[in-house]
Protein chains: 4
Amino acid sequence: MPARNGHPAEDPLKKAAILDVAIRAFAADGFRGTDVGVIADQAGVGKGTVYRYFGSKEELFWATAFEVLLRLERHLFAAMQGIVSPYERLRAAGRAYAEFFVAHPQYLEVFIQDRAEFRGVGPESHRQYHEKLAERFAEIIRQGVEAGEFRPVDPRMTTSALASVLYGCVVLCCYVARDRSPEEITMHTVDIFLQGLRAGGC
Amino acid sequence: MPARNGHPAEDPLKKAAILDVAIRAFAADGFRGTDVGVIADQAGVGKGTVYRYFGSKEELFWATAFEVLLRLERHLFAAMQGIVSPYERLRAAGRAYAEFFVAHPQYLEVFIQDRAEFRGVGPESHRQYHEKLAERFAEIIRQGVEAGEFRPVDPRMTTSALASVLYGCVVLCCYVARDRSPEEITMHTVDIFLQGLRAGGC
Amino acid sequence: MPARNGHPAEDPLKKAAILDVAIRAFAADGFRGTDVGVIADQAGVGKGTVYRYFGSKEELFWATAFEVLLRLERHLFAAMQGIVSPYERLRAAGRAYAEFFVAHPQYLEVFIQDRAEFRGVGPESHRQYHEKLAERFAEIIRQGVEAGEFRPVDPRMTTSALASVLYGCVVLCCYVARDRSPEEITMHTVDIFLQGLRAGGC
Amino acid sequence: MPARNGHPAEDPLKKAAILDVAIRAFAADGFRGTDVGVIADQAGVGKGTVYRYFGSKEELFWATAFEVLLRLERHLFAAMQGIVSPYERLRAAGRAYAEFFVAHPQYLEVFIQDRAEFRGVGPESHRQYHEKLAERFAEIIRQGVEAGEFRPVDPRMTTSALASVLYGCVVLCCYVARDRSPEEITMHTVDIFLQGLRAGGC
DNA sequence: AATGAATGAGCATTCATTCAT
DNA sequence: TATGAATGAATGCTCATTCAT
């Protein structure tokens, strides 16, 4: 809503610049450890501008976390593009998930900070977005079940299960099996998830 | 009468009291949000004593995280006690893992803080302990493979996989499927992990 | 069509609107606690306009304080209208003074802020106006003395005395005798001032 | 309450030093304009120490204002020492009041800030102290009335009246009659207060 | 050895003022 | 002329760590 005589009420480029810097900053130092002033400096704007655009450090963080979620979603669905088999779609999503966080470790840190600092209690809009995203995966699983490709599992719980598997893999890879890449571990885990650890009992 | 070695005259009871308080404090407010002074007060000791026993806030946190790891390990192996089948042992461990963190949510927060604040880079002794713990599970998987109960997977990678699955379940339960308990989600996930999502293609 | 002199094309209505809002704002939050941006918003103008019309927050405050002084003066002389006896004129002025600040507590706060923040050191024009106002009262006292209604006091000092009495009454009424109204206290004080506390020793 | 092995829980000298600096600082820059850090520096202590001793900037200010009130009270009663006649006691108090604030202008500024910033709403303990002080003066007036030295006025209201007169004189002297000293103005006003402005109508 | 008073770097947020549009 | 986005200095308060007692 520009004023009567022309004003760029909000500059999307500037907003994006702040967000980009914020991702790196929160990833590097954590929510508490991050200085809003440093973000402002690195984004080339005044501290007041950051507050103008985002209201508070907390809201800035949530905007940051949301942006990461958006990018992850885009990456996942791009990777599943053109694949039909639900089985292959989940494998592709798993691989993309690992790739995404390996390529952008800072995104992972933001995810982790979100949980660590706010225990998953963010703005309602985030919850709704999670919900929508989960539903998209539940639908894939539902199709796999209907197609007889998957066992007759509960789609929503299995979406949770898949999310847990993927999240656990990328988060814990720093603790375990340092001689393997996160992608390797993730794909191994996803494959067990899909095939089962148990020896095939027909 | 100073002790034989190291710090003279350390009172193990006092140390345990501090640690107990620290778990609750770090869980409640996070690493950065926790005030060492408050821990000292609640433990009934002076701030200086906390520093004498633990050196720094960071070291205190690591001691805290280590204590939680010890308790988790005890709980897991107690739950596997007397079970022979590797398959059943892993199921029992999975259930125990979820139970443990549901019964003591603060322990989970400490785990999460550990990763969030220090990216899994703690003292070397922790790494070694993780290693030993992982080896114990790898051994179970190895036995399962040898017994023909499991597919011929890499035991170490599969241990990673299992850890990721369990960790992901308890950490993410706050985001997804709020209508299910963490135990339900975890057991569902573990069962898929063991049985496979794919429809049994003999 | 710019005005003949000084600032071209100043809108007196807009200026008055800003001043009105400013009185309330400064009274409510004090000089330091008042946000110029809020004044601009409430007056329905841009922040830049406030600065265009008043130059700085400080000058805005002085304009505000001056406006209050003008209104007080009008109120006092309206109340003295038609009264001849100097004695009765001063009583009427005293009563009007108390009434004025009871009816408009925000005016009082502005007076107090003026003294608190600037120690009475405002622009020279204010000093001159004070001087003129004081002289009008001194003249009344002079007449009272000449008429034999007052003792032969120094008119200027007695004007000061009267001002102090009135100011003290309205400012301190929040500390003392909360069971009496400011008007009661003021009239009691004024009457003592006029009659003397001492038992009339003829 | 020192700890088991000797601690000077609170150093009264340090506290007094902070208070002394605070009086000057608040007087010079006002409540809002004063930087607690500057007070700490000038008092030769850390900022944390100021907060340890006084809890907050506001409480520090109240302690400051209270200290000034105590000093004023001591000065007033010292000046009335040995004087019997209520009439002379009030004159002496009036003179002492003016002298006190002329000798310590910063005390006056603190008084004014108190009213400006907090509208006389301080801690309950202050109100009680004011009350006690007022009662002491009311008693003097009561005695003057009983002795026939004063007219039969209400002692409490007349105390208010006297307080208003004195306060008004010292506060406003910066606006009016700059060619007279505050003491002169005050004594003139007090004398009118005592004798009456009106020509003695027997 | 134990204590807790003292320290001061650190940080979120506000707001007077400017100036491009 | 009017606007309000941008700026960044300013400030209250916290808390990890030290050290005199």
Side-chain angles (χ1 to χ4, degrees), chain A residues 1-11 14 32-41 44-53 55-58 60, chain B residues 2 7-11 14 31-41 44-53 55-58 60, chain C residues 2 7-11 14 32-41 44-53 55-58 60, chain D residues 1-11 14 32-41 44-58 60:
Chain A
M1 184 176 54
R4 254 171 300 167
N5 30 8
H7 276 285
E10 200 159 272
D11 182 344
K14 207 169 272 191
R32 304 269 191 144
T34 294
D35 182 338
V36 176
V38 170
I39 291 178
D41 285 351
V45 301
K47 226 183 313 198
T49 304
V50 174
Y51 277 88
R52 231 196 108 52
Y53 277 71
S56 72
K57 190 186 184 185
E58 201 165 307
L60 172 58
Chain B
H7 307 282
E10 258 190 12
D11 180 345
K14 213 173 261 190
F31 175 74
R32 303 273 187 143
T34 294
D35 184 337
V36 176
V38 170
I39 292 178
D41 284 352
V45 302
K47 238 187 310 200
T49 304
V50 173
Y51 276 86
R52 227 192 99 61
Y53 277 69
S56 74
K57 190 187 184 183
E58 206 163 287
L60 171 59
Chain C
H7 307 282
E10 258 189 13
D11 180 344
K14 211 172 264 191
R32 304 272 187 142
T34 294
D35 184 336
V36 175
V38 170
I39 291 178
D41 285 351
V45 301
K47 238 187 311 200
T49 305
V50 173
Y51 277 86
R52 228 192 99 60
Y53 278 67
S56 73
K57 190 187 185 183
E58 204 162 290
L60 172 58
Chain D
M1 183 176 53
R4 254 171 300 163
N5 30 9
H7 275 286
E10 199 159 270
D11 182 344
K14 208 170 269 191
R32 304 269 191 144
T34 295
D35 183 339
V36 177
V38 170
I39 291 178
D41 286 351
V45 301
K47 225 187 313 196
T49 304
V50 174
Y51 279 88
R52 230 195 108 53
Y53 277 71
F54 294 97
S56 73
K57 190 187 184 185
E58 202 165 307
L60 172 58

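What's counted below: heavy atoms across the whole structure, side chains too, no hydrogens, waters or symmetry copies.
- Close to F:dT3, at under 4.0 Å from its OP1 or OP2, lies a side-chain N or O of C:Thr49.
- With E:dA2, F:dA2, F:dG12 as the choices, the nucleotide that has an atom nearest any side-chain atom of B:Lys14 turns out to be E:dA2.
- Listed pair D:Tyr51 / F:dC15 fails the phosphate criterion, with no side-chain N or O lying under 4.0 Å from OP1 or OP2.
- Summarising the geometry, the separation between CD on A:Glu10 and C1' on F:dA6 is reported as 13 Å, rounded to the nearest angstrom.
- Rounded to the nearest 0.5 Å, atoms CG (C:Leu60) and OH (C:Tyr51) are 8.5 Å apart.
- The distance between atom CG of C:Asp11 and atom P of F:dA2, rounded to the nearest whole Å, is 8 Å.
- Across the strands present, E:dT14 finds its partner in F:dA9; the criterion is a Watson-Crick or G-U wobble pair with both atom distances under 3.5 angstrom.
- Between A:Lys47 and B:Gly46, the one whose closest nucleotide on DNA chain E sits nearer the 5' end is B:Gly46.
- Using the Watson-Crick or G-U wobble rule with both distances under 3.5 Å, E:dA1 pairs with nothing in any strand shown.
- The listed nucleotides are F:dG12, F:dT17, E:dC11; the one nearest the side chain of D:Asp35 is F:dG12.
- Under a 3.5 Å cut-off, the side chain of D:Tyr53 and the backbone N or O of D:Asp11 do form a donor-acceptor pair.
- A close approach under 4.0 Å does occur between a side-chain nitrogen or oxygen of B:Tyr53 and OP1 or OP2 of E:dA2.
- As a whole-Å value, the separation of C:Arg32 CZ from F:dG12 C1' is 15 Å.
- Base pairing of E:dG8: its partner is F:dC15, meeting the Watson-Crick or G-U wobble criterion (both donor-acceptor distances under 3.5 Å).
- Distance from the side chain of B:Arg52 is smallest to E:dA2 among F:dA5, E:dA2, F:dA16.
- Between A:Gly55 and B:Gly48, the residue anchored closer to the 5' end of DNA chain E is B:Gly48, taking for each the nucleotide with the nearest heavy atom.
- In this structure, of E:dG4, F:dA2, E:dT17, it is E:dT17 that holds the atom nearest to the side chain of C:Ser56.
- Within the shown strands, F:dA2 is the pairing partner of E:dT21 under the Watson-Crick or G-U definition, both distances less than 3.5 Å.
- Annotation: of the two residues near DNA chain F, D:Glu58 and C:Asp41, the 5′-most nearest-nucleotide partner is C:Asp41.
- For the pair B:Leu60 CG and F:dC15 P, the computed distance is 16 Å after rounding to whole Å.
- Annotation for D:Gly33 and C:Arg32: closest pair CA-NH1, 3.3 Å, computed over non-hydrogen atoms.
- When the nearest nucleotides of DNA chain F are assigned to A:Gly44 and B:Val36 by heavy-atom distance, the more 5′-ward of the two goes with A:Gly44.
- Between atom CG of residue C:Asp35 and atom CG of residue C:Asp41 there is a gap of 8.0 Å, rounded to the nearest 0.5 Å.
- The nearest pair of heavy atoms linking C:Thr34 to C:Lys57 is O-NZ, 2.9 Å.
- Regarding D:Phe54, its CZ atom lies at a distance of 16 Å from the C1' atom of F:dG12, rounded to whole Å.
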